[in-house]
Undergrad: 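Below are the structure tokens for one structure; questions will follow.
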Amino acid sequence: MHPLLPTAQKTNLLDLNRQELEAFFIAQGEKGFRAAQVMKWIHGRCVVDFDAMTDLGKGLRAGLRDYAEIRLPEIVADQCSEDGSRKWLLRLADGNCIETVFIPEAGRGTLCVSSQVGCMLNCSFCSTARQGFNRNLGTGEIIAQVWQAANALGNRPDDTRRISNVVMMGMGEPLLNYDNVIRAMRVMLDDFGYGLSKRRVTLSTAGIVPAIRRLRQDCDVSLAVSLHAPDDQLRNELVPLNRKYPIGELLAACRDYVGDDSRRRVTFEYVLLSGINDSDAHARRLVRLLEGVPAKINLIPFNPFPDTQYRCSPPATMERFFALLNRAGIVTITRKTRGDDIDAACGQLAGRFQDRTQRRARSMATQPRTHA
Ligand code: SAH
């Protein structure tokens with residue numbers, strides 16, 4: 001925390017899950033159940049002014065004003081797509097900016113949440129990767145994205161539910177910010193938080209194998225894995241993390257994640273890149289690879305961004321690929337591209353931040369410039 005901030009001594013209540021909030025109140029000489037009350041105000045009703053929390057006594061409210069705060073990132077841009085998707089650019093206390101996207105569909109509303117400022121992984125087809133990495137988000141900064149969206153959309157978990165699903169699929173690799181992501185997901189799942197079921201919170205990972213194994217013990221939300229290739233050679237190129245955790249180990253962890261529960265499946269994301277991973281042979285290899293894995297496949301049309309060498313597969317190729325998987329009996333859906341007119345589609349989230357890895361500068365120096 002910055003020592004010069006006037007509020008430096010205050011605890012940001014958004015950084016705590018219910019258990020920690022209970023401990024916080026008990027340490028203040030209060031009853032533990034205050035945690036549930038305060039969480040209900042903050043997340044259930046979007047109230048962050050302690051004075052408006054009318055079921056807390058005057059003394060407690062005054063105390064909270066002195067030693068606690070609810071620190072929210074500021075909304076610096078709020079864009080609506082023609083298709084109803086909405087993207088917020090949020091400025092954090094240190095000036096970095098991150099993005100959060102809401103995607104309404106028939107019967108559900110999905111919020112796509114970021115876990116890091118930038119990303120450390122260097123997937124070749126992702127625009128966040130191009131931006132480099134700055135830091136992990138704190139628990140409060142992760143849950144504040146849900147709060148800001150909930151507030152803007154008028155979400156009330158008890159009656160008007162606008163956010164029915166959360167996907168940890170925004171900027172960053174959630175399993176490289178493990179503790180904060182788990183703590184924030186606990187608030188999403190909490191009855192006094194956002195009240196979402198584990199089925200409706202999905203964590204997407206490029207495949208940090210040991211963390212997938214831990215996640216199963218700690219908070220077994222729905223799991224999505226960015227596969228994108230049916231063999232190690234190609235996956236090494238697209239998702240360099242594969243050199244550390246190759247496909248065999250990754251799929252073993254996925255099988256164990258689901259365990260004996262025959263209703264559960266892991267979602268495998270597969271971005272279709274024209275001429276790279278979209279042939280019939282790739283589809284067949286993918287089918288063979290996933291034999292015996294309780295899998296669903298999510299085909300994602302590639303979303304282009306400036307200076308990328310990749311192209312989206314033509315519609316006919318996507319349909320063939322889809323049909324081959326489908327005929328082999330794998331539950332497959334093609335994800336509709338949403339919000340690309342506001343750069344809110346998968347892989348297009350960029351935010352605004354300082355790149356500590358210097359990746360941006362390096363890639364500018366080595367890449368042929370296509371524009372003057
Ligand atoms: N790091 C996590 C979370 C990011 S989720 C992960 O890798 O799963 C974002 C999803 O969008 C991932 O499946 C990612 O591979 C995919 N993606 C990245 N860039 C994309 C692009 N340009 N077009 C379509 N999908 C992309």
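Residue numbers run from 1 in the order of the sequence given. One-based numbering, in listed order, for ligands and for the atoms of each. Note that these values count all heavy atoms, side chains included, but never hydrogens, waters or copies made by symmetry.
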Undergrad: Show which atoms of ligand 1 fall inside a sub-4.0 Å distance from at least one heavy-atom site of Met169.
TA: 4 (C), 5 (S), 9 (C)
Undergrad: Check ligand 1 against Ile300 and write out every atom of the ligand that is under 4.0 Å from a heavy-atom position of the residue.
TA: 24 (C), 25 (N)
Undergrad: Asn303 heavy atoms, cut-off 4.0 Å: which ligand 1 atoms fall inside?
TA: 21 (C), 22 (N), 23 (N), 24 (C)
Undergrad: Measuring from the heavy atoms of Gly172, does anything fall under 4.0 Å of ligand 1?
TA: yes
Undergrad: Do you see a donor-acceptor pair shorter than 3.5 Å between the side chains of His228 and Tyr270?
TA: no
Undergrad: Which atoms of ligand 1 sit under 4.0 Å from any heavy atom of Val271?
TA: 23 (N), 24 (C), 25 (N)
Undergrad: Are the charged groups of Arg264 and Asp220 less than 4.0 angstrom apart, N to O?
TA: yes
Undergrad: Among side-chain atoms of Arg162 and Asn155, is any donor-acceptor pair under 3.5 angstrom?
TA: no
Undergrad: Exactly one of Arg71, Arg135, Arg91 should register a salt bridge (Lys or Arg N to Asp or Glu O under 4.0 Å) with Glu141. Which one does?
TA: Arg135
Undergrad: Would you mind listing every side-chain hydrogen bond (donor to acceptor under 3.5 Å, both in side chains) that reaches into residues 315-331, with sequence neighbours excluded?
TA: Asp280-Arg320
Undergrad: Look at Lys31 together with Glu22 and state whether they make a salt bridge at an N to O cut-off of under 4.0 Å.
TA: no
Undergrad: Below 4.0 angstrom from a heavy atom of Cys126, which ligand 1 atoms are there? Numbered from 1 as shown, please.
TA: 18 (C), 19 (N)
Undergrad: Counting only nitrogen or oxygen atoms and a 3.5 angstrom limit, does His228 reach ligand 1?
TA: yes
Undergrad: Should you measure from each heavy atom of Ala206, which atoms of ligand 1 turn up under 4.0 Å away?
TA: 6 (C), 7 (O), 8 (O)
Undergrad: Check whether any heavy atom of Pro301 sits under 4.0 Å from an atom of ligand 1.
TA: yes
Undergrad: Would you say Phe125 has any N or O atom under 3.5 Å from an N or O of ligand 1, going by distance alone?
TA: yes
Undergrad: Taking distance alone, with no angle check, do Ser226 and ligand 1 share an N/O pair under 3.5 Å?
TA: yes
Undergrad: Please name the pair of heavy atoms, one in Pro174 and one in Ser204, separated by the smallest distance, quoted to 0.1 Å.
TA: CG-O, 3.1 Å
Undergrad: For Thr205, counting its heavy atoms only, list the atoms of ligand 1 lying under 4.0 Å from any of them.
TA: 6 (C), 7 (O), 8 (O)
Undergrad: Any side-chain donor-acceptor pair under 3.5 Å between Asp49 and Trp41?
TA: no
Undergrad: Is the shortest distance from a heavy atom of Gly170 to ligand 1 less than 4.0 Å?
TA: yes
Undergrad: Quiz question: by atom type and distance under 3.5 Å, do the side chains of Asn165 and Thr110 form a donor-acceptor pair?
TA: no
